[in-house]
Amino acid sequence: MVGEPVTRIRSEQEERKLPPLPSRDRYKEIRTRFAPNPNSVLHLGSSRPAILSHDYAAQYGGKFILRFEDTDPRIKRSDLKFYDYIREDLRWLGCEWDEEYIQSDRMKIYYEYAEAAIKGGSAYVCTCPQEKFKELTLASKACPCRGLDTKEQLWRFREMVEGGYKEGSAVLRVKTDLDHPNPAVRDWPAMRIIDPASHAHPRVGSDFRVWPLYNWASAIDDHLMGITHIIRGQEHTTNAVRQMYLYAAFGWEYPTTLHCGRLTIEGGSLSKSEIEKGIRERAFDGYDDLRLGTLVALKRRGIEAQAIRKLVYELGVKPSDAVISWDNLFSINRKLIDGVANRYFAIIDSPVRLMISDYPYSETTVQLKKHPDRAETRHITVKKNGQDLELWVERSDIERIGKGNEFRLMGLANAVIAEVDPAVAKFTGNDVSAARGKQHIHWLPISDHLELELINWENELQHGMIETNVASEQAGSHVQLERKFFAVVEKAEAGKVKLIYTSA
RNA sequence: GCUCCGGUGGUGUAGCUCGGUUAAGCAUAGCGGCCUUUCGAGCCGUUGAUCGCGGGUUCAAAUCCCGCCCGGAGCACCA
């Protein structure tokens, strides 16, 4: 599991460190956590807190914790498959975790602290209708339940747990400050009832009817797990304020928080709910549908995890949202894949047969480098059919070069265009040096090539042809179609080659 | 409406906490050029922001103060 990629990440981190972590000196060991709800897969936006949390822990020799927050079996219900999908996404991102927790396994803990908070007078069971509570709280007034004595509160809480209250009729609240300028902070809800009969939890079934809300479970876990730094989205800034009241009540020290803005990609990276909806309704083929901003889709398109990491480093921990451009991501990615992508000739846009007259050889095998920086070679053989040599080339190339101009068929020969349409050229020699400064174009033998299926940037299927050498590529490897673009191999078999466009 | 948080060239950021040799750095895009046993990749160069707006403090402000404008987040018995 800790193979070569991780080594690469380590050296990458040395090359480009994150800015110093605030108040790092207050803790003997830095402990961070990433806490997703397993109700969908990870997307580009999730990678920001995930990478920052993981890498900050790594940078200071600390621990990174993965915590599944699956405490809503009703509205944001989790699904068994996502626990594993998220683990896979995280591994791919290079965010291996040191400890893992699942909140639905920790229900007893949340109950215990609930009773402790009630006994300590910092929490109470509220049976007011939501509307009425809101009305009171907006007026900075206490609801009738707030003042009930501890014994009564405890009895009420046990009633919640044992089924004395119906779903929605009672909630555990944390006492804060009814005069707090932000009404959202006043006596926030900590635990509520969800009818287990109609909303079974995917992992623990119908064992519980009282479930913690985000602020309760998260606050208690962060303390119990010794989290020193919480790095999460800015939508949680108010939650930090809320939770501090609980921490104060228990005499705990609240972790240092870093809130970062949303990270989306231009053209609208989709939200979790949109992704789920689209997949349910079959608007998308799956989580790796190229139109999605999910990690699996980005991976499939040929974006390296390392590119995402670099991007996140570039963005830093600013609280403002960032809409990054594909160009930006591609550019970072290109630097990573350029060194590994083997080169091949492919003709997609406008194949045209070019007739080359006076070609002196009946058969020629050219040797080309698989990659300009490496010695490995690939070979293409062309055969004359009768008098002339025929090749596939791109019509646009012939048109651009124009009649009467000399050009170079890369690795093969020099020629002068005699006619653009139909495309005819006259052989002028083999010497590369004679083609200095001339246009170099790629080509393919008339019969010896493979059919190519390409999923282009617009997510459309395009047909073309590609040199046979590509058949030796593994699925998932990067290739560059010379003079055209980078792509990922989805399938490379003798009969059919399927590529996915990555970027220019 | 209320509570927070932001606003630097087309885009994303650095610098702003301890205001002055950086009157604004980096990346990307744009533009121009170079290379060639052979890519529009790469390499090199270059255009581009007076730092949201207005005022104030100061010898000096992107950096401090005030007002305004704009944007985002939150205001769920979601996470």
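The structure displayed is predicted, hence computed values, not measured ones. Just so we're on the same page: letters track the sequence lines, and every chain starts at 1.
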Under 3.5 Å, which N/O atoms of the protein pair with N/O atoms of nucleotides 6-12 of chain B?
none

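- Comparing the C1' positions of B:G32 and B:A73 gives a spacing of 44 Å, expressed to the nearest Å.
- Rounded to whole angstrom, the span from the NZ atom of A:Lys335 across to the C1' atom of B:A41 amounts to 11 Å.
- Within the 4.0 angstrom heavy-atom criterion, no nucleotide atom of any strand lies near A:Thr237.
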Side-chain donor-acceptor pairs of residues 129-138 of chain A under 3.5 Å, sequence neighbours excluded:
none

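- Of the residues in residues 127-137 of chain A, those lying under 4.0 Å from RNA chain B by heavy-atom distance are A:Cys128, A:Gln130, A:Lys134.
- In this structure, A:Asn182 and A:Ile332 both approach RNA chain B, and ranking their closest nucleotides by distance from the 5' end singles out A:Asn182.
- Looking at heavy-atom distances under 4.0 Å, A:Asp397 makes contact with a base.
- Looking at heavy-atom distances under 4.0 Å, A:Pro372 makes contact with a base.
- Using a 4.0 Å cut-off, some side-chain N or O of A:Arg192 falls inside it from OP1 or OP2 of B:C78.
- Note on residues 165-174 of chain A: pairs passing salt bridge (Lys or Arg N to Asp or Glu O under 4.0 Å), not counting sequence neighbours, are A:Arg74-A:Glu167.
- Classification of A:Arg483 and A:Asp397 as a salt-bridged pair holds, one side-chain N sitting under 4.0 Å from a carboxylate O.
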Donor-acceptor list for residues 432-440 of chain A side chains, cut-off 3.5 Å, not counting sequence neighbours:
residue, atom, partner, partner atom, Å
A:Ser433, OG, A:Asp431, OD1, 2.8
A:Ser433, OG, A:Asp431, OD2, 2.7
A:Gln439, OE1, A:Arg400, NH1, 3.4
A:His440, ND1, A:Lys438, O, 2.9

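- Every residue was checked against the salt bridge (charged side-chain N to carboxylate O under 4.0 Å, His left out) condition with A:Glu235, not counting sequence neighbours, and none meets it.
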- [ ] Dot-bracket for RNA chain B, please, read 5' to 3', with Watson-Crick or G-U wobble pairs under 3.5 Å on both distances, ( ) within the strand, [ ] crossing, | other strand, . unpaired.
- [x] (((((((..((((......[....)))).(((((.......))))).....(((((..]....))))))))))))....

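- In this structure, A:Pro19 reaches neither bases nor backbone, as no heavy-atom distance under 4.0 Å exists between it and the strands shown.
- Residue A:Trp188 contributes atom CH2, which lies 12 Å from atom P of B:A79 at whole-angstrom precision.
- In this entry the distance linking CG of A:Asp338 with C1' of B:G40 reads 13 Å, nearest Å.
- Classified by interplanar angle (parallel below 30°, tilted 30° to 60°, perpendicular above 60°), the ring pair A:His236/A:Tyr214 is parallel.
- For A:Asn342, the side-chain hydrogen bond (donor to acceptor under 3.5 Å, both in side chains) test picks out no residue, with sequence neighbours left out.
- To the nearest whole angstrom, the two P atoms, one in B:C65 and one in B:G7, are 14 Å apart.
- Within the 4.0 angstrom heavy-atom criterion, no nucleotide atom of any strand lies near A:His259.
- Counting non-hydrogen atoms under 4.0 angstrom, A:Asn215 reaches nothing in the nucleic acid.
- Not one side-chain nitrogen or oxygen of A:Ser433 sits closer than 4.0 Å to the OP1 or OP2 atom of B:U37.
- OP1 or OP2 of B:G42 has at least one side-chain nitrogen or oxygen of A:Arg334 nearer than 4.0 Å.
- Nucleic acid contact class of A:Gln480 (heavy atoms, under 4.0 Å, all strands): base.
- The residue A:Arg400 sits close to a base: some heavy atom pair falls under 4.0 Å.
- Screening residues 37-47 of chain A for salt bridge (Lys or Arg N to Asp or Glu O under 4.0 Å), with sequence neighbours left out, gives no hits.
- Scored by the side-chain hydrogen bond (donor to acceptor under 3.5 Å, both in side chains) test, A:Asp338 finds A:Arg343 as partners (sequence neighbours excluded).
- Take A:Phe427 and apply the ring-ring contact (aromatic ring centres under 6.0 Å, His included) test, not counting sequence neighbours, and it matches A:Tyr359.
- Geometrically, A:Arg378 engages A:Phe345 in a cation-pi contact, judged by NZ or CZ lying under 6.0 Å from the ring centre and within 45° of the ring axis.
- Considering only residues two or more places apart in sequence or on other chains, A:Tyr113 meets the ring-ring contact (aromatic ring centres under 6.0 Å, His included) condition with A:Phe250, A:Trp252.
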